[in-house]
Amino acid sequence: MMDGFPASAPKPLAGNLPEGDVPEYDDTAIRFLEALWGEGFLSPGGPDEVRRVVADMDLAGRQVLDIGCGSGGITLFLARHYQPAGIVGFDVEQPVVDLAMKRAAEQGLADRARFVRDAPGPLPFADESFDVVFSKDALIHVADKEALFEDIYRVLRPGGRFAASDWMTSHDGEPSDAMRAYLAAEGLSFGMASARRYEAAMEKAGFTDVRTLNRNEWYREVARVELERLKGPLYGPVAEAVGADYVDKNIRTWSAMQTVLDSGEHCPTHLFGTRPDAHSMP
């Protein structure tokens, strides 16, 4: 369960949220996060960070899956600016999917972007359904990285590409005391792992051209600014909307997160891979 909808937390994905559980991202949470990161964005960086993740990919005319789509901002951004043949946003929570569908209709993108909600577990799509699988800061909520990437590999077509951003740690094994304090402040069951484990899980699933890019240096400075905004100009209007206790808890969480960002133990990271086509397989 997410305690107080911590603003620093990426959105959940199939894996840890029990079916029928209280949604972590209700209207209050959505309004709070979007006040920080922009309409439809429930993780940091906005359109610029999405552009970086897909910078070397051609989505035009492709079938795309956005895992952990939240309230639809990224899915609709990709639909509008990258011209896929179709894009599916997937999430395990109904409130965010409902809002994403409403926004798709309002923006005239319902013919190109659709949204699917399903219970945690294997992705509810047929084998080899997509040319591209994308995710933004959602895979952290799936502890079993090996099963996760086997499933992503399954829904990709031969020659398909995977591109994501996720929250990782600098090492596997026991976290530091500072990381424990941060995780306790979040109140979430994060399935955090190192980039090394992600890479190994992808390679085991069959991906090739696997690579990662550590984004700690970028986010530790962005998070510092976000924290100052929460303490300063955003405090009043956000507290009026969601309550001062809510904002105060997130300030404490963000302060704990800043410590592990500064130490380098918390590593937002880009992750890429390819499902080889028949001609490139041994």
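Basis for what follows: all heavy atoms, side chains included, without hydrogens, waters or symmetry-related copies.
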Passes side chain to side chain donor-acceptor pair (under 3.5 Å), Y219 versus E226? Steps please. CA-CA 10 Å; Y219 190 54; E226 292 169 347; 3.0 Å; yes
I'd like to know whether L65 forms a side chain to side chain contact (heavy atoms under 4.5 Å, CB included) with F90, so could you lay out the CA-CA distance, the side-chain angles of the two residues, the decisive distance to 0.1 Å, and finally the verdict.
CA-CA 7 Å; L65 172 64; F90 171 74; 4.1 Å; yes
What do the steps show when you test W167 against H141 for side chain to side chain contact (heavy atoms under 4.5 Å, CB included), and what is the final call? CA-CA 9 Å; W167 286 18; H141 290 273; over 6 Å; no
Practice item. Evaluate the criterion side chain to side chain contact (heavy atoms under 4.5 Å, CB included) for residue pair W254 and Y182; output intermediate values, then yes/no. Key: CA-CA 8 Å; W254 226 304; Y182 162 59; over 6 Å; no
*Check the pair R215 / D48 against salt bridge (Lys or Arg N to Asp or Glu O under 4.0 Å), numbers first and verdict last.*
CA-CA 13 Å; R215 295 287 287 156; D48 288 344; over 6 Å; no
Show the numbers, then the answer: is there a salt bridge (Lys or Arg N to Asp or Glu O under 4.0 Å) between R180 and E174? CA-CA 9 Å; R180 289 181 189 278; E174 291 298 312; 2.3 Å; yes
Decide side chain to side chain contact (heavy atoms under 4.5 Å, CB included) for M168 and M192; before the verdict, give the C-alpha distance in whole Å, the side-chain angles of both, and the deciding distance to 0.1 Å. CA-CA 6 Å; M168 304 184 192; M192 296 189 80; 5.9 Å; no
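Atom CD of E240 is surrounded by 12 or fewer heavy atoms from other residues, nucleotides or ligands within 6.0 Å. Within a 6.0 Å sphere centred on CE of M57, other residues, nucleotides and ligands contribute more than 12 heavy atoms.
Salt-bridge annotation for R154 and E150: absent, with no side-chain N of the basic residue lying under 4.0 Å from a carboxylate O of the acidic one. Salt bridge status for D262 with R224: present, with a side-chain N to carboxylate O gap under 4.0 Å. Between E128 and R275, at least one side-chain N (NZ, or NE/NH1/NH2) sits under 4.0 Å from a carboxylate O, which counts as a salt bridge. A salt bridge links R197 with E146: at least one charged nitrogen is closer than 4.0 Å to a carboxylate oxygen. Salt-bridge formation is not detected for the pair E49/K136: no Lys NZ or Arg NE/NH1/NH2 atom is positioned less than 4.0 Å from an Asp or Glu carboxylate oxygen. We find that R117 and D91 are not joined by a salt bridge, their nearest charged nitrogen and carboxylate oxygen being 4.0 Å or further apart.
Exactly one residue among R161, R62, R157 makes a salt bridge (charged side-chain N to carboxylate O under 4.0 Å, His left out) with D131. That residue is R157. Of the residues V88, D66, L123, I152, the one that meets the side-chain contact (heavy atoms from CB on, under 4.5 Å) test with F130 is V88. With L230 as reference, I251 is the one residue of V225, I251, D248 to meet the side-chain contact (heavy atoms from CB on, under 4.5 Å) rule.
The closest side-chain heavy-atom distance from Y82 to V64 is not below 4.5 Å. R114 is listed as a side-chain neighbour of V116, based on a closest heavy-atom distance under 4.5 Å.
Relative ring orientation between H270 and F272 is described as perpendicular, the plane-to-plane angle rising above 60° on a 0-90° scale split at 30° and 60°.
Side-chain atoms of T269 come within 3.5 Å of backbone atoms of C267 as a donor-acceptor pair (strictly under, hydrogens ignored). Although no hydrogens or angles enter the test, the distance criterion places a donor-acceptor pair under 3.5 Å between the side chain of E265 and the main chain of S176. With hydrogens and angles disregarded, no donor-acceptor distance shorter than 3.5 Å links the side chain of E93 to the backbone of G70. Of the possible donor and acceptor atoms, none in the side chain of D118 sits under 3.5 Å from a partner among the backbone N and O of P124. At distances below 3.5 Å, not a single donor-acceptor pair connects side-chain atoms of D172 with backbone N or O atoms of A193.
For the pair A113 and A79, the tightest heavy-atom approach, listed with the atom from each and the gap, is CB-CB, 4.3 Å. Residues L227 and S255 share a closest heavy-atom pair of CD2-OG, 3.8 Å. Closest heavy-atom contact between G72 and F115: CA-CE2, 4.0 Å. Between N250 and Y246, the shortest heavy-atom contact is ND2-O, 2.8 Å. Annotation for P276 and G206: closest pair CD-O, 3.4 Å, computed over non-hydrogen atoms. Minimum heavy-atom separation, V53 to S165: CG2-CB, 4.2 Å.
To the nearest 0.5 Å, the span separating OG1 on T253 from NZ on K249 amounts to 3.0 Å.
For F149 and F162, the ring centers sit closer than 6.0 Å to each other.
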